[in-house]
Amino acid sequence: MTWTRKKALKDVSILTISQYTVQFITALRGFLFAKYLGPEGFGVWASIYLFYTYGQYCHFGVFNGAAILVPEKIGAGKEEEANKLLSSAITWMNVFGLLFFIFIAIYISFNKSPFISTYWLPILIVSFAVPIYQNYIFSIYRLQFQHNFKKSGIYQALFAISDVTISFILLLQFGIAGAFIGMLISLSIITLFIVKNGYKGLFIYFDKFYFKTVLKYGFQLLIISFTFVFLTTADKYSLASFFSKSDMGYYSIALSIAMLPYTISLALQGVITQRMLEEYGKTNDINSIKLFLDESILAIALITPIFFILINTFAEPLISLFLPKYTSSTTLIYKLSIGIYFLSISNFCYTFLIVIKKNIHIIASNFFLIILAIFSNYMISKHQLGFTLVVIVTIATYLLYFSLLYFFSYKNYYNTQKNFFTILKIIFISSVIIIAFLPKYFISNIFLQIFLSLFLNLVWSIFVIYYLKKKTL
């Protein structure tokens, strides 16, 4: 399909609307769970949810391999080969998903720790949800391969709505276990509807050649994806391991709110990844995909501060109104938004490096930063410096992550000096977010705080619109 800015804008708009719907509902779920469970209970829920988060990568990379190789085959006009890769991928995803559930069931049986002994049922439930999720996410991606972003967005929104509704009702009846039962029920219902699209034209396929093809490339991508997830949850892992469950609860609610503008980056990344892969499959030339990299970084660097400022402006009054127990989370939101801003931009360097198969740069960066982050957080805990310093570590980690991936991406085009000054420019842009929440520390009148933040946001929005039009984005 021909790339045009109009088509890209339409696809990104559809994905952004659907994902913001999902994010809003996810945030609503977080608010409801946090309000009902309290900081400690919410921390327990978040800790159990990590089994689900990490379990999604039990497919050993066959899904990741298909997600990258299939669009390249489609771009090269090899539809039959693409279907064989997809068939092999979903066959093995189901096998590995069931093996993951069996492994966790055995692990629970032999583990006698107080946490596992107390919460074995929700852990077992969330582990059984993993193979079902494998089929759900495979079908979502299958729709996106076909450029059917609208239908994929609708299914994601329906899952989010059913999840928050059923999970909260069962949470009120059965506690934390009920919340995960609700998630399993809603996930199963939506998956039953979507797999008819996801499996269309596919078949059970144990062919050795295609399995080795998706596994060989996909295992590298699995390492990248898993280490990326671990990198972006190193803060939560550290809090769960080194700090109290209450600290985990405060941090989790702050992070869930601060992450909302990140959706814009994910939506654009979903479209850009597809376009980059198809174009690179046709040309095998890195110069043919530089446009996608340049315009994506420019758009996200300028547009997302508008949304970060809005979130930071209204976070405190809304939390004070609806979640008064979590008012101490507001200062965490302001700081986390800076780190997430850099993470949002890094998505496109991440995509670019994967498309041109420079996976080793991402893997090396991820491992280095994971070790650095966890060691730093451990030292913070050991010396009892307070869990708010974990936020500073997170900001530094995401800034370093963005800087490393930017250098690795643009060294193909520019010298080190030019890349360094471009990174400094982007850091300078992030200061807009900082300036917007500074009045909260110097002005006691909340209405004046809101007015000044919104006025700055209006000025910035006008500048962004003018600048992007000038650049004909």
Side-chain angles (χ1 to χ4, degrees), residues 1 15 54-100 130-149 151-152 155-156 191 194-229 266 269-282 284 289 347 350-359 362-363:
M1 188 174 292
L15 275 182
Y54 295 138
Q56 293 168 16
Y57 298 87
C58 69
H59 47 68
F60 288 95
V62 293
F63 173 70
N64 304 79
I68 298 301
L69 295 173
V70 168
E72 286 187 357
K73 298 298 181 184
I74 292 173
K78 300 177 180 179
E79 297 282 348
E80 184 178 349
E81 195 169 344
N83 280 345
K84 288 182 178 179
L85 288 169
L86 285 169
S87 297
S88 179
I90 191 57
T91 299
W92 286 103
M93 283 171 71
N94 280 304
V95 171
F96 292 138
L98 290 172
L99 288 175
F100 171 80
V130 167
I132 299 174
Y133 177 83
Q134 305 275 37
N135 287 274
Y136 165 78
I137 196 63
F138 175 87
S139 301
I140 290 291
Y141 268 79
R142 185 81 192 282
L143 289 170
Q144 293 183 6
F145 292 156
Q146 300 162 353
H147 297 250
N148 198 338
F149 295 100
K151 185 175 283 189
S152 74
Y155 277 119
Q156 290 177 77
T191 302
I194 196 175
V195 290
K196 65 181 180 181
N197 292 294
Y199 279 23
K200 189 175 182 180
L202 304 184
F203 39 88
I204 297 173
Y205 200 49
F206 286 101
D207 183 90
K208 184 178 178 180
F209 171 77
Y210 283 95
F211 172 64
K212 288 177 68 175
T213 301
V214 292
L215 184 64
K216 181 181 178 181
Y217 187 60
F219 190 71
Q220 296 178 44
L221 297 176
L222 176 68
I223 296 172
I224 291 173
S225 297
F226 185 77
T227 53
F228 176 76
V229 169
L266 291 179
Q269 185 189 27
V271 175
I272 291 299
T273 300
Q274 182 85 7
R275 304 300 185 179
M276 274 192 183
L277 288 167
E278 291 178 5
E279 185 65 26
Y280 195 66
K282 291 177 186 176
N284 199 33
I289 57 175
N347 281 343
Y350 172 97
T351 295
F352 176 80
L353 291 170
I354 285 178
V355 169
I356 65 172
K357 297 179 175 59
K358 298 294 182 181
N359 301 336
I362 305 177
I363 293 172

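- When side chains are defined from C-beta on, Ile137 does not count as touching Gln56, because their heavy atoms never get closer than 4.5 Å.
- The structure places CG of Leu266 at 5.5 Å from CG of Asn347, a figure rounded to the nearest 0.5 Å.
- Scanning for side chain to side chain contact (heavy atoms under 4.5 Å, CB included) contacts around Leu215 gives Phe60, Val62, Phe211, with sequence neighbours left out.
- Expressed to the nearest 0.5 Å, how far OG1 of Thr351 lies from CD1 of Ile289 amounts to 10.0 Å.
- Among pairs with a residue in residues 213-224, those fulfilling side-chain hydrogen bond (donor to acceptor under 3.5 Å, both in side chains) read Gln220-Asn359, at least two apart in sequence or across chains.
- Within the 3.5 Å criterion, the main-chain N or O of Gln269 finds a donor-acceptor partner in the side chain of Thr273.
- For the pair Val130/Tyr54, no side-chain contact is recorded, criterion being any heavy-atom separation below 4.5 Å from C-beta on.
- Other residues, nucleotides and ligands place more than 12 heavy atoms under 6.0 Å from the NZ atom of Lys357.
- Considering all non-hydrogen atoms of both residues, Leu85 and Ala66 come closest at O-CB, 4.4 Å.
- Note: Tyr199 OH to Ile204 CD1 = 8.5 Å, rounded to the nearest 0.5 Å.
- Side chains of Tyr210 and Glu81 form a contact here, defined as non-hydrogen atoms less than 4.5 Å apart.
- Taken to the nearest 0.5 Å, the OH atom of Tyr155 stands 10.5 Å off from the OG1 atom of Thr191.
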- Message: Does Trp92 form a ring pair (Phe, Tyr, Trp, His ring centres under 6.0 Å) with Phe206? I'd like the steps, not just the answer.
- Response: CA-CA 8 Å; Trp92 286 103; Phe206 286 101; 5.3 Å; yes
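- Note that the CD atom of Glu279 and the CD1 atom of Ile272 stand 11.5 Å from one another [nearest 0.5 Å].
- Checking side-chain atoms of Ser152 against main-chain N and O of Ile140 turns up no donor-acceptor pair under 3.5 Å.
- By the 4.5 Å heavy-atom criterion applied to side chains, Tyr205 and Ile90 are not counted as neighbours.
- Residues Asp207 and Lys84 fail the side-chain proximity criterion, which asks for heavy atoms closer than 4.5 Å.
- Here the CG-CZ distance, from Asn83 to Arg142, works out to 5.5 Å after rounding to the nearest 0.5 Å.
- Residues Leu99 and Phe96 have side chains in contact (heavy-atom distance under 4.5 Å, counting atoms from C-beta outward).
- Across all their heavy atoms, Cys58 and Gln134 have their closest contact at SG-NE2, 3.2 Å.
- Ser139 is linked by a side chain to side chain contact (heavy atoms under 4.5 Å, CB included) to Ile194, Val195, counting only residues two or more places apart in sequence or in another chain.
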- Where do Thr227 and Ile363 land on the side-chain contact (heavy atoms from CB on, under 4.5 Å) test, with the steps shown first? CA-CA 7 Å; Thr227 53; Ile363 293 172; 5.5 Å; no
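- When side chains are defined from C-beta on, Tyr350 counts as touching Ile224, because their heavy atoms get closer than 4.5 Å.
- You'll find the side chain of Val70 stays beyond 4.5 Å of the side chain of Tyr141, heavy atoms only.
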